[in-house]
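In what follows, chains are A, B, ... by sequence order, proteins preceding strands, each numbered from 1. Computed over heavy atoms, backbone and side chain alike; hydrogens, waters and symmetry mates excluded. Values in this document were obtained by computation on a predicted structure and should not be read as measured data.
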Amino acid sequence: DGGITQSPKYLFRKEGQNVTLSCEQNLNHDAMYWYRQDPGQGLRLIYYSQIVNDFQKGDIAEGYSVSREKKESFPLTVTSAQKNPTAFYLCASSGTGAGNEKLFFGSGTQLSVL
Amino acid sequence: QKEVEQNSGPLSVPEGAIASLNCTYSDRGSQSFFWYRQYSGKSPELIMFIYSNGDKEDGRFTAQLNKASQYVSLLIRDSQPSDSATYLCAVNRRANNLFFGTGTRLTVIP
């Protein structure tokens, strides 16, 4: 089945620790995105990538890092510099160009601080 | 002015009624508009998209777009308890990514 796979479903971070969230897609989409959702809030864009080996900061990139070495994969690292990391993290992908902006989401990762 | 604004709700309607969800946006250059449904603890799923002024219907859902007023809405006819969810409005930005509103929580009362 085509889709987006995020792992793990739940993740716990200790103080000062970096953690990496995985996102893989087999939809052959060029663009991939990471959003953060806090309780009762909308989605805020962390990073996005429209092509392999290139990515751009979104609205709340501080304390996060990404890589895009393969078309299918867009991992997100939550670094120790992110002081309030507890949130629901959503990875998405889409085509590129006008009419192809529809986002398809993975099932999400809930990150909590120990 | 926020990029995308939605009534936070919650909005309650009786089963069988029409639910009306509203969204305004600030960037006049936006061309694409989306409605996502999100159940509690789940990821958003796309239910409607609209690019042109006017109405677009898909089953019980109708999206309405008025670019002059920078307004997009979603109507749900014959509301069902299974429609109870948070509805997110999303608008494309010039940088080719989507900006989401904070969502409107809808409860359909049996």
Response to the item:
Heavy-atom closest pair (Phe100(B) atom, Leu43(A) atom, distance to 0.1 Å) is CB-O, 3.8 Å
Fill in: Side chain / backbone / both / neither for Leu45(A) at chain B, heavy atoms under 4.5 Å
side chain
Worksheet item: Which heavy atom in Asn97(B) sits nearest to a heavy atom in Tyr33(A), and how many Å separate them?
Response: CB-CE2, 3.9 Å
Item to complete: To the nearest 0.5 Å, tell me how far Leu103(A) CG sits from Asn92(B) CG.
Response: 10.5 Å
Worksheet entry | Contact leader toward chain A among Gly103(B), Cys89(B), Pro44(B), where contacts are heavy-atom pairs under 4.5 Å | Pro44(B)
Worksheet item: When hydrophobic residues are tied together by side-chain contacts of less than 4.5 Å, even through go-betweens, does Leu21(B) share a cluster with Val13(B)?
Response: yes
Discussion item. Side-chain heavy atoms nearer than 4.5 Å, only ILVMFWY residues, links allowed to pass through others: does that put Val4(B) and Leu74(B) together?
Written reply: yes
Discussion item. Would you say that more than 12 heavy atoms from the other residues, nucleotides or ligands in this model lie under 6.0 Å from the CZ of Arg13(A), or not?
Written reply: yes
Worksheet item: Gln38(B) versus chain A, heavy atoms under 4.5 Å apart: side chain, backbone, both or neither?
Response: side chain
Worksheet item: Going hydrophobic residue to hydrophobic residue with side-chain gaps under 4.5 angstrom, can you get from Leu76(A) over to Phe105(A)?
Response: no
Worksheet entry | Heavy-atom neighbours of Ile109(B) CD1 exceed 12 at 6.0 Å | yes
Fill in: Non-hydrogen side-chain atoms of Glu101(A) and Phe34(B) separated by less than 4.5 Å
yes
Worksheet item: What pair of heavy atoms forms the shortest contact from Ser107(A) to Ser43(B), and how long is it?
Response: CA-OG, 4.0 Å
Discussion item. Please determine whether residues Leu75(B) and Leu65(B) belong to a single hydrophobic cluster, defined as Ile, Leu, Val, Met, Phe, Trp and Tyr linked transitively by side-chain heavy-atom distances below 4.5 Å.
Written reply: no
Worksheet, complete the sentence: In short, Tyr36(B) meets Lys102(A) closest at the heavy-atom pair OH-C, 4.0 Å
Worksheet item: Do Tyr64(A) and Phe55(A) belong together in a cluster built from hydrophobic side chains that touch within less than 4.5 Å?
Response: yes
Practice prompt. Side chain from CB out, backbone as N, CA, C, O: work out which of these in Leu88(B) comes under 4.5 Å of a heavy atom of chain A, or both, or neither.
Written response: side chain
Worksheet item: Between Gln56(A) and chain B, which part of the residue has a heavy atom less than 4.5 Å away: side chain, backbone, both or neither?
Response: neither
Worksheet item: When rounded to the nearest 0.5 angstrom, what is the spacing between CG in Leu46(B) and OG in Ser94(A)?
Response: 11.5 Å
